[in-house]
Undergrad: 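Got a structure here, written out as structure tokens. Questions coming.
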Amino acid sequence: MLVDSFGRTATDLRVSLTDRCNLRCTYCMPPEGLDWLPKPELLTADEIVRLVRIGVEGLGITEVRFTGGEPLLRRELVEIVTATAALSPRPQVSVTTNGIGLARLAGPLADAGLDRVNVSLDTLDRDTFVRLSHRDRLSDVLAGLAAAEAAGLNPVKVNAVLMRGVNENEAVPLLRYCLDRGYELRFIEQMPLDAQHGWQRENMITADEILGALKDAFDLTEDDPGKRGSAPAELFLVDGGPRRVGVIGSVTRPFCGACDRVRITADGQVRNCLFATEESDLRAALRAGASDEDLAERWMAAVRGKKAGHGIDDPAFLQPARPMSAIGG
Ligand code: SAM
């Protein structure tokens with residue numbers, strides 16, 4: 001088991017399949033993009049599947065989420081999902097995507113055994129989408145969402161980040177859009193994980209602000225807080241339910257005490273927290289011929305060193321060198 005020194009057990013594995021992305025969301029990277037990892041540094045599909053197998057069969061991982069960068073850019077995605085869904089005990093398998101390309105891939109991914117999808121959608125306004133992501137792809141994202149729903153990847157989840165002066169007025173329209181289509185929306189507070197290091201607390205739209213805006217338009221009641229477990233989102237029933245909305249207060253309402261996540265970057269580094277400043281290199285060991293047991297040992301040691309919390313509020317807080325796109329959100 002992947003247990004840390006505070007007694008938390010990691011069961012939810014996030015695997016980044018690439019650091020590349022076809023959007024340039026301002027909270028993540030600069031308009032010109034970043035220096036992408038050279039291909040030889042990326043784990044191969046076989047290496048990814050081997051690590052996932054070790055996690056699932058030997059270390060208690062029960063959920064595997066593929067992310068990036070943009071995971072749909074990884075050519076072997078369907079094969080990787082197929083191999084993951086064939087593991088025993090079978091993990092829950094999901095993908096976090098910006099939705100571009102999902103119109104084509106939702107069906108094949110569902111057939112491969114994908115259980116769920118989280119699609120990022122921060123705005124319904126085409127001009128705002130271009131301003132926020134530097135690409136004119138809103139219609140592709142909306143088509144991807146519809147395709148995911150049609151392929152049975154339900155409930156389709158939507159992630160939204162609100163930013164002051166950009167899309168802060170979209171909490172209510174985004175929720176209406178999702179409720180009308182049966183998608184489950186989660187707002188995420190903007191975190192200091194952009195490559196430009198431009199995050200400023202005063203520009204972050206807080207969970208309180210989001211809930212305040214939603215409560216002007218909807219009746220929200222907490223959805224049984226006892227059920228939250230390790231889930232980062234606080235869930236609310238909308239207008240009496242059963243439809244729900246979630247708010248992930250990563251910064252102002254941290255949930256580190258219940259964290260059950262561990263990450264592997266596209267170049268094979270274990271990260272025990274989004275904000276970790278240290279990583280453990282599984283790729284070097286893997287390519288040097290390490291056994292499954294040896295890799296599992298290294299992975300367990302990496303999780304053991306997990307800190308109590310992300311420390312954003314600590315005056316000594318240092319933003320990690322890797323931006324979100326290179327960690328795997
Ligand atoms: N490209 C995929 C996508 O757009 O969903 C997967 C990777 S992306 C890094 C994963 C999630 O992280 C997205 O929902 C995105 O909005 C979110 N994200 C990226 N940078 C963030 C930040 N600085 N604060 C909060 N969320 C962020």
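Whatever order the structure lists ligands and atoms in, that order sets their numbers, starting from 1.
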Undergrad: When you check the gap from the basic side-chain N to the acidic O, do Arg116 and Glu184 get nearer than 4.0 Å?
TA: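 Answer for the salt bridge query: no.
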Undergrad: Does anything in residues 185-211 form a ring pair (Phe, Tyr, Trp, His ring centres under 6.0 Å)? List the pairs, not counting sequence neighbours.
TA: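 Residue pairs passing ring pair (Phe, Tyr, Trp, His ring centres under 6.0 Å), neighbours aside: none found.
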Undergrad: Applying salt bridge (Lys or Arg N to Asp or Glu O under 4.0 Å), name anything that partners Arg135, two or more places apart in sequence or on another chain.
TA: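 Checked Arg135 against salt bridge (Lys or Arg N to Asp or Glu O under 4.0 Å); zero matches.
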Undergrad: Tabulating one pair per line, provide the atom names and distances (0.1 Å) for every N/O atom of ligand 1 that is less than 3.5 Å from a protein N/O atom.
TA:
residue: ligand 1; atom: 1 (N); partner: Gly69; partner atom: O; Å: 2.9
residue: ligand 1; atom: 1 (N); partner: Glu70; partner atom: OE1; Å: 3.0
residue: ligand 1; atom: 4 (O); partner: Ser120; partner atom: OG; Å: 3.2
residue: ligand 1; atom: 5 (O); partner: Thr97; partner atom: O; Å: 3.3
residue: ligand 1; atom: 5 (O); partner: Ser120; partner atom: OG; Å: 2.6
residue: ligand 1; atom: 14 (O); partner: Ser120; partner atom: OG; Å: 2.7
residue: ligand 1; atom: 14 (O); partner: Asn159; partner atom: ND2; Å: 3.4
residue: ligand 1; atom: 16 (O); partner: Tyr27; partner atom: OH; Å: 3.0
residue: ligand 1; atom: 23 (N); partner: Tyr27; partner atom: O; Å: 3.0
residue: ligand 1; atom: 23 (N); partner: Met191; partner atom: O; Å: 2.9
residue: ligand 1; atom: 24 (N); partner: Met191; partner atom: N; Å: 2.8

Undergrad: Test side chain to side chain contact (heavy atoms under 4.5 Å, CB included) on Leu59 and Val303 and set out the steps.
TA: CA-CA 11 Å; Leu59 294 171; Val303 170; over 6 Å; no
Undergrad: I'd like to know if Arg298 and Asp294 make a salt bridge, using a cut-off of under 4.0 Å between side-chain N and carboxylate O.
TA: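 Yes, Arg298 and Asp294 are salt-bridged.
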Undergrad: Listing request: all ring pair (Phe, Tyr, Trp, His ring centres under 6.0 Å) pairs with a residue in residues 280-324, at least two apart in sequence or in separate chains.
TA: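 Listed by first then second residue: Phe275-His310, Phe275-Phe317.
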